[in-house]
Amino acid sequence: MTEKALDKFYDHAKAEDKWYRHWEESGYFKSRDDEDKQNYCIVIPPPNVTGILHEGHALNNTLQDVLIRYHRMRGWNVLWQPGTDHAGIATQFVVERELLEEGVTKEEMGRDKFLERVWKWKEEKGGHILSQLKRLGASCDWSRERFTMDEGLSRAVREVFVSLYEKDLIFRGKYMVNWCPRCDTALSNLEVVMPEESEAEKGLLYYIRYPLADGDGALTVATTRPETMLGDTAVAVNPEDDRYKNYIGKKVRLPLTDHKIPVIADPHVDMEFGTGALKITPGHDFNDYEIGKRHGLGAPQAIDKLGKMTDYVPEKYRGLDRYDARKAAVADLDTSGLLEKTEPYKLMAGRCYRCKVVVEPIVSEQWFVRVGPLAERAIEAVRSGKTVIVPKAQEKEYYNWMENLRDWCISRQLWWGHQIPAWYCRDCHEMTVSRHDVTKCRHCESENIERDPDVLDTWFSSALWPFSTLGWPDETPELKRFYPNAAMVTAYDILKFWVARMMMMGVQFMEEVPFTDVYLHGLVRDELGRKKSKSLGNFVDPIMLIDEYGADALRFTLAIETFTGRDVRLGEERIEETKRFINKIWNASQFTLSNARDFDPSDGTEPDLSPADRWIRSRLNETVKAVHEHVGTYRFHEMADAIYHFIWDEFCDWYLEWTKPELYNSSSPGRKKAAQATLLYTLDASLKLLHPIMPFLTEEIYQATPDSGASIMVEAYPEADDGNKDPEIEAGMALVREIVIAVRNLRSENLIPASTKTDVTLIPDDDFARETAERLQGYILSPPQVQAASLEITGPGVSPDEKAVTRRCGPIQVCLDIAGLVDAGEEIARIGKETAKLEAELKKVMGKLGNEKFLSKAPPEVVAKQEEIKAELEARLETLRETRSRMELIRDKG
RNA sequence: GGGCGGGUAGCUCAGUUGGGAGAGCGUCGGCCUUACAAGCCGGAUGUCGCAGGUUCAAGUCCUGUCUCGCCCACCA
């Protein structure tokens, strides 16, 4: 047998590098296609190609890897499909900035050159995040890496676009959209973000007088954006508003211009707000746009796409930036006495999610997806349970969102992205939408055509990710095998952006949901529960954490902090705790391996399982069951917790101690052999259980075990084996543990130094308890902190020595002879307190048992349980009283 | 304004169908016991936000209420 041993300390850096390379080179990450096996596929939420790993990615990918490794070890056909997203605005932004440093603008460069440049950037610097995922241990099938703009996926995008267009689910039209003047592009509603409360602008509410065109008087309107008045086409009042009824139908003179605009009545106007008169700017406000449409007002554009005043406004203001125009307008109103007053007002203006510039509603020609029909089917898919959202509470968010969807603006005035496959004819002005590039107008055959310069919203291609990555629109074997995906793992803040849209597209194009489960995890926060933000400076680079603590420590900490539906707190103390756990495992492994060095399964000795061996096997079996259950329900915290407590509390704290007598001076060769076998067996199973969460550590130790194979990651995951189940021995050992704890308690409470050995007497209530105690007595003496000089087990009915302190453990009374070692006064006080506590508990139980309704209506097993509790409490109280009287004896004698 | 989720030990939080209140950290006390002092053993601490209700039985279900947070929304 080859000599294998662990180093004194675990070197995570060395192990991570070594084993990741080993796994990758061995092809273990590659998906399998075994016909007999179940299929399990997760497609990675594609990180932006510009992305840098942050803690959210670390969490997201850890959880996915746990699921993937778990299912892979169970022998399923597993595919973790990796890839990156082209991230339209983000990527264009990065490259533009690079160009800016070189003193070139993208316009000077031209579209084609610019795109070449972006591709070059992507090849050289993009996708760095994928190598960071490898550091984390992610077991993606890297041979199948995809990019949202690679050839296959672009074809999918094209197919979907044209197909939706043909079904009239995509249309082009002039509508009001959010516009980012800095990025010079339309944005979808989701790309407009509200600033933090603290960052809200301290704006003003301006009260402006609009004089009546004929006659005296004026209407005063309130606005936060005085510059938009240059585009006003009406003033609206509520039809119910008595103050203004006379004004309806009249005209007012729009200050700063020579326009006369009507006063109209519209129920949208809130009588309580401001003056109750609302200026209407259909060109630059969503509500006003709707009102304008209702009243046929038109929507003049006063502000252009770059945020500057247009030719529509009086010459004086033309070309001014919207904020300069505001200043100018306010100044002019003030001098002409039309500015009645101003009030401070908190302004929550929407901003571009990318550059944080305040967006401007602009009317323009854009492409939209008609989401109504798509959403309907996507809602139904969740309602019917075809896709299950975990946690359940998020389903409501999903419905809420889906039922109130507006059409999705999918065109972006960018260069980087999937260019819209529509051509406009300069001759007949018809449009040609096509799966293949065209050179002629489909309607008049003219070659005088021009392609729509816009590209699609990045989320459009992301929405196809669950099937486009598998080869759709081709009918590939992968598509057949892995669609629908088994699970989608992502943070809940992405539900609307992405999950909802994947659902719509999946159901539409595959006639089948994209995934059967959606698991939504929380956001990563700092140890104080704060959001990660630049201003707080609480960002931590996960790679730095991996360098310092190891990938496994980070992964395990993230997993055990992942409570369903809640945000995850990641503080370094938590990782430190995990590091201690790793050290514990390492040391327990060293102990096991060094003590099993002379273990030879084929030496002819028949292993003789001790009660402790049977106990730990039974406990392991329970743990295995629990882990399977928890993985199946995405309870990552519980999964990690179950393994943690099994290894630390049961395997290390009890079982290892109990094996020592067998290992150091065994009673028989069979017993020693069984102990060694059980140690190895339990360690091996524990490592496998833990492997999905801590891949590197478990591989490192596994490789040092005597029967290690090529890799733990392709070993079979432990399955429950009820042959190991042993309720009888579990009950017996539970009693032993109680007795050991009782002895420790008695020693500790009576301040008996560890160097002082004491005599322990056990008084069983009946013969069965006596037999149990006798059979297992070796286990009572061996754990640390018991320090018994002798152990005597008497028969039932024996009275404790009058100088002993006692404690009851179920059917057994534990007595410790500590005459002369204990302060009787203190002991009596302690007993007094404990008696009071027990009496309170007993009273509660008695209350129940004395209640007729309880007795008649409660299930019998519950009544029996209460009887049991009552008997136990009474017995403990009796013991306490006896001890107390003995203590009084000692005190009085002393 | 609408929707959702929290309020349990000093701190951070578990608690899956209602049946004797838990973990980790911290704290206090005892231990260098031959895997581990990055460790071992033990103690203390809770009107489960508040008020009602359902039930034999409520941290758990219902109603109301206070409070913190998140998401959505067309109060200029």
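Note that this is a predicted model, so its numbers are computed, not measured. Chain A is the first sequence line, chain B the second, and so forth, proteins listed ahead of strands; every chain is numbered from 1.
- Scanning residues 581-589 of chain A for heavy-atom distances under 4.0 Å to RNA chain B yields Asn583(A), Lys584(A), Asn587(A), Ala588(A).
- Below 30°, between 30° and 60°, or above 60°: for Tyr519(A) and Phe636(A) the angle between ring planes is above 60°, a perpendicular geometry.
- When the P atom of A73(B) is taken as reference, atom NE2 of His268(A) falls 15 Å away, rounded to whole Å.
- Using cut-offs of 30° and 60° on the angle between ring planes, the pair Tyr655(A) and Phe651(A) is parallel.
- For Arg635(A), the listed nucleotide lying nearest its side chain is U16(B); candidates were C56(B), U16(B), C36(B).
- In this structure, the nucleotide among A21(B), C56(B), G5(B) sitting nearest to the side chain of Lys853(A) is C56(B).
- Here A35(B) is the nucleotide among A35(B), C74(B), G42(B) with the atom lying nearest to any side-chain atom of Tyr664(A).
- Applying the 3.5 Å distance criterion, the base of G20(B) shares a donor-acceptor pair with the side chain of Glu841(A).
- Residue Pro859(A) is in base contact, counting any heavy-atom pair closer than 4.0 Å across all strands shown.
- The side chain of Gln866(A) lies closest to G20(B), out of C41(B), G20(B), G15(B).
- Out of C56(B), U33(B), G19(B), the shortest distance to the side chain of Pro784(A) is found at U33(B).
- The phosphate of C75(B) has neither OP1 nor OP2 within less than 4.0 Å of any side-chain N or O from Arg225(A).
- Across G20(B), C31(B), G19(B), the shortest atom-to-atom separation from the side chain of Gln785(A) is found for C31(B).
- Phe591(A) and Tyr664(A) have perpendicular rings, their planes meeting at more than 60° on a 0 to 90° scale where under 30° would count as parallel.
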Arg807(A) vs Glu749(A), salt bridge (charged side-chain N to carboxylate O under 4.0 Å, His left out): CA-CA, chis, key distance, verdict: CA-CA 12 Å; Arg807(A) 173 159 294 208; Glu749(A) 285 163 8; 3.2 Å; yes
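- Picking from C13(B), A76(B), G42(B) the nucleotide with the shortest atom distance to the side chain of Phe563(A) gives C13(B).
- Each of Glu629(A) and Tyr492(A) was matched to the nucleotide of RNA chain B holding its nearest heavy atom; the match closer to the 5' end belongs to Glu629(A).
- For Ala393(A), whose side chain is taken as the heavy atoms from C-beta onward, the closest listed nucleotide among U33(B), A76(B), G5(B) is G5(B).
- Within the 4.0 angstrom heavy-atom criterion, no nucleotide atom of any strand lies near Asn595(A).
- The distance from atom CD1 of Ile389(A) to atom P of C4(B) is 15 Å, rounded to the nearest whole Å.
- Two residues, Glu577(A) and Lys837(A), neighbour RNA chain B, and the one matched to the more 5' nucleotide by heavy-atom proximity is Glu577(A).
- Distance from the side chain of Ala754(A) is smallest for C31(B) among the nucleotides A76(B), C31(B), G29(B).
- For the pair Tyr398(A) OH and G3(B) P, the computed distance is 21 Å after rounding to whole Å.
- The shortest distance between side-chain heavy atoms of Ile585(A) and Ile647(A) falls below 4.5 Å.
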Given the rule that a pair is Watson-Crick or G-U wobble with both distances under 3.5 Å, how would you write RNA chain B in dot-bracket, using | for pairs to a different strand? (((((((..((((.....[..)))).(((((.......))))).....(((((..]....))))))))))))....
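- When heavy atoms are screened at a 4.0 angstrom cut-off, Asp270(A) is found touching base atoms of the nucleic acid.
- Closest to the side chain of Leu873(A), from the set G6(B), G20(B), C4(B), is G20(B).
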